[in-house]
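To start, the structure under review is shown below, and the notes come after it.
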Amino acid sequence: MSFVAALLIILALVVIVILVVAIRTILFTRSAEPRPLPFPASLPEPEIDPLEPAQHLSAAIQIDTVSHENPEDDDHGKFAELHHLLENTYPLLHNHLTREVLEGGSLLYTWRGQDETLEPVLFMAHQDVVPVDEHTREKWTYPPFSGAIADGFIWGRGAMDIKCQLIGVMEAVEHLLNAGFKPPRTVYLAFGHDEEVLGLGAPRIVDRLKERGVRLHAVIDEGTAVLDGVLPGIRGLTAAIAVTEKGYLSLRLTAESEGGHSSTPSSETSIGIISRAIHRLQSNPFPHKLKAVQPMFKAFIPAASPLMKVAFANLWLFGGLVRQKLSALPETAASIHTTTAPTILRGGIKENVLPSLAEAVVNFRILPGETIAEVIERVRMVIDDERVKVTPISTSAWEPSPVSSSDCPAYHHITTVTRELYPGTTCAPNAMLGATDSRHYHAISDRVYRFTPIISRKNDLSRIHGINERLSVENMHKMVLFFYRLIQRWASIVEE
Ligand SMILES: [Zn+2]
């Protein structure tokens, strides 16, 4: 073959690749149009003084409903106090809805619908909060349980996670009742009291509904917020609506070795064996899978930079590059693989005694599409050491949640209301990285969504469970409007 012929072939190949990339980009971009869902029956917007829901949130924050690993440590008086506050704040709601208290603190409200043959819809949040790390108390601008309203924010533990959603839902129902709204479908409100400790409140509520033969049309719980400038390569506001959540598994690794005097050690003690096992796990992370985030890429296309558009549409060519970019940050890496986090390490009793036993606990968050069994098998294969015993901690393990539809009225109503309140927001389905109470609801519903309709900026995310947790007064106001609209829409869904 002559040099010219070879050059022509290379040139032709390059042209073909460019053409394929361009065509794929155009096709991919076209299929990403959002679909707003009209709702002509919408009631007029209530006149709300933004300071009112802010004060209600502030009052709820001031009751420190901290949940504990051992439920006996919980202060039930605090939860009773919060229930009392809700009763006083939302009189119409407590007149028209029936309330049940389960497991000593969880709340289930029933708002009877006009057509009992239709499947009900359910709105969730949790009442409990995580404690405040005593070492950081000094660093709070306002004391963590003060509920201070200052500088345009409501400050305190639970402001973002997730008393805002509890107040938002209740406030919206109160306004809907005031406006004379009669839900065609039954509406449930379910507020667990031990979500932060993976407790029994939510499963008990699900059991109660199951006993009554209830199947839910759709469920919404806390989830990802509307992000402003958090995702690299994406412009404007983005709302990731979690249609699934990752699975959860903790494995105990144990190794035994001969005890004895530390002056005559064998080549490896149990501590060394366990350390090596952990090192192997950390240096062999679970594979990164872009397939998991492909629906999100597709939906984010309108907001992506031109370069990102080309890359998203042509993962066959740029997959490696995208994978590299996503795996560079812990938050984005966690969305494309099963994560490995050694969380506990124990071994040894005295500085001059050889440890006869060492153990570690490693926590895994399992990517949808993978299973607990597969994770355990891979862990054993990677450690590749028969001296290390691998046992699941059975009380804390569950498979990834099933994936709910992102092409049905329930989902489209969420995205439509979000875009009404936050114009220009790009919405996309994704997987929740952390655990929520909503995972229990898959047993009685095919459509379980996790979304918190507030705007969150980059440094806001670290405030959740951290220092200076706060929510803007405007965010709290918008949250009420969001649920005011969504409850009407969901309760009126006709199509099954
Ligand atoms: Zn939460």
Side-chain angles (χ1 to χ4, degrees), residues 57 60-61 63-69 71 74 78-79 82 86 103 105-108 122-133 144-145 147 154-171 189-206 219-227 230 239-248 331 334 363 365 396 398 401 414 430-442 448-456 460-472 475-476 479 482-483:
L57 174 60
I61 289 170
I63 306 168
D64 54 338
T65 46
V66 174
S67 55
H68 301 83
E69 297 292 335
D74 285 352
K78 296 285 182 191
F79 288 94
L82 180 64
L86 297 175
E103 219 30 50
S106 287
L107 295 173
L108 174 65
L122 187 140
F123 296 80
M124 296 175 68
H126 58 85
Q127 307 165 54
D128 60 321
V129 295
V130 294
V132 170
D133 182 346
F145 293 104
I154 310 115
W155 298 74
R157 178 62 81 231
M160 293 177 85
D161 185 9
I162 191 73
K163 282 182 172 165
C164 56
Q165 200 142 336
L166 168 75
I167 295 297
V169 169
M170 294 207 104
E171 201 91 8
L189 317 180
F191 308 124
H193 73 294
D194 50 10
E195 191 272 348
E196 296 291 2
V197 291
L198 313 172
L200 288 173
R204 289 285 179 270
I205 295 175
V206 172
V219 175
I220 185 164
D221 191 12
E222 61 174 337
T224 330
V226 180
L227 301 179
V230 177
I241 290 130
V243 291
T244 179
E245 76 182 43
K246 292 180 92 177
Y248 189 103
E331 295 83 5
N363 183 247
R365 303 299 176 106
S396 44
W398 56 85
S401 297
I414 299 176
N430 83 333
M432 186 86 185
L433 303 180
T436 68
D437 266 349
S438 70
R439 70 182 180 279
H440 301 289
Y441 285 78
H442 288 278
V448 180
Y449 304 100
R450 301 140 186 98
F451 180 55
T452 295
I454 55 171
I455 290 196
S456 188
D460 288 339
L461 295 174
S462 63
R463 297 174 190 272
I464 300 171
H465 292 202
I467 302 163
N468 278 336
E469 186 175 346
R470 66 178 193 186
L471 186 80
S472 74
N475 260 330
M476 187 62 243
M479 172 90 91
F482 177 91
F483 284 111

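Ligands are counted one by one from 1 in listed order, and the atoms in each one are counted from 1 as well.
H193 contributes a side-chain N or O that, together with a main-chain N or O of E103, makes up a donor-acceptor pair within less than 3.5 Å. Although no hydrogens or angles enter the test, the distance criterion places a donor-acceptor pair under 3.5 Å between the side chain of E469 and the main chain of G158. Distance alone, capped at 3.5 Å, places no donor-acceptor pair between the D64 side chain and the F145 backbone.
Between W398 and Y248, the ring-plane angle classifies as parallel under the 30° and 60° cut-offs.
For the Zn ion (ligand 1), the nearest N, O or S atom contributed by D161 is named OD1. Restricting E222 to its N/O/S atoms, the shortest distance to the Zn ion (ligand 1) is reached by OE1.
With 2.8 Å as the limit, E196 does not count as an N, O or S neighbour of the Zn ion (ligand 1).
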